Amino acid sequence: MARSRFGEVVGEQIEVCPVTQTQDIIAGKWKIIILWNLSTQTRRFNELQRLLPNISKGILTRQLRELEEDQMVHWEVYKEVPPKVEYSLTPLGESFIPILQSMGEWSKKNLVSK
């Protein structure tokens with residue numbers, strides 16, 4: 001789903017190339033890192049926040065909601081006190097793991113560590 005830089009859905013977008021839709025889904029500073037962290041296991045919100053120490057609760061919530069809207073992430077709410085919520089990849093999100101792995105390999109091969 002195409003979004004502007006403020007998160008709202010953009011109406012009629014002319015597709016320039018086949019990767020436009022993928023770019024729209026993973027656009028956002030944290031989405032690829034969120035997907036990477038969920039690729040290894042199901043995680044709770046606070047666990048994700050600890051793994052991403054520079055992200056605010058609001059931004060993490062927004063990025064997770066957008067990934068859910070795009071059917072990449074599933075969240076499960078357990079009826080207990082306090083409420084327990086877990087995030088995991090959907091089958092569509094799992095199909096993106098090889099792309100994440102390729103990105104990691106490309107980075108290791110071509111970029112100098114900071």
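Owing to the predicted nature of the structure, the values given are computational and were not obtained by experimental measurement.
With rounding to the nearest 0.5 angstrom, the OG atom of Ser56 is 8.0 Å from the CD atom of Gln49. Between the CD1 atom of Ile26 and the CD1 atom of Ile34 there is a distance of 12.5 Å, given to the nearest 0.5 Å. Within the model, atoms CZ of Arg44 and CZ of Arg50 stand 9.0 Å from one another, a figure rounded to the nearest 0.5 Å. A distance of 10.5 Å separates CD in Glu47 from CG in Leu52, rounded to the nearest 0.5 Å. The line from CG of Leu100 to CE of Met103 is 6.5 Å long, rounded to the nearest 0.5 Å. In this structure, NZ on Lys57 lies 8.5 Å from OG1 on Thr61, to the nearest 0.5 angstrom.
Within 6.0 Å of the CD atom in Glu94, the count of heavy atoms belonging to other residues, nucleotides or ligands exceeds 12. Annotation: Gln101, atom CD; neighbour count of heavy atoms from other residues, nucleotides and ligands within 6.0 Å is above 12.
With no hydrogens or angles considered, a side-chain donor-acceptor pair links Glu68 and Trp75 at under 3.5 Å.
Closest approach of Glu86 and Tyr78 over heavy atoms only: OE1-OH, 3.1 Å. For the pair Asn37 and Leu51, the tightest heavy-atom approach, listed with the atom from each and the gap, is OD1-CD1, 3.5 Å. Here the closest heavy-atom approach between residue Met72 and residue Leu92 is recorded as SD-CG, 3.8 Å. Annotation for Leu89 and Ser39: closest pair CD1-CA, 3.7 Å, computed over non-hydrogen atoms. Heavy atoms only, all atoms of each residue included: Val73 and Tyr87 are closest at CG1-CD2, 4.0 Å. Considering every non-hydrogen atom in both Lys31 and Ala27, the closest pair reads CD-O, 3.1 Å.
When the salt bridge (charged side-chain N to carboxylate O under 4.0 Å, His left out) test is applied to Glu105, the partners found at least two apart in sequence or on another chain are Lys108. Evaluation of the side chain to side chain donor-acceptor pair (under 3.5 Å) rule for Thr40 yields Arg43 as partners, not counting sequence neighbours. Applying the salt bridge (charged side-chain N to carboxylate O under 4.0 Å, His left out) test to Lys29 and every residue at least two apart in sequence or in another chain returns nothing.
Not a single donor-acceptor pair under 3.5 Å links the side chain of Thr90 to the backbone N or O of His74. Ser107 places no side-chain N or O within donor-acceptor distance of the main-chain N or O of Gly104, the cut-off being under 3.5 Å.
Looking at heavy atoms from C-beta onward, Leu64 lies in side-chain contact with Phe45 at the 4.5 angstrom threshold. Two residues are said to be in side-chain contact when any heavy atoms from C-beta on lie closer than 4.5 Å; Thr22 and Phe96 meet this criterion. Leu48 has its side chain within reach of Leu38: a pair of non-hydrogen atoms, C-beta onward, lies under 4.5 Å apart.
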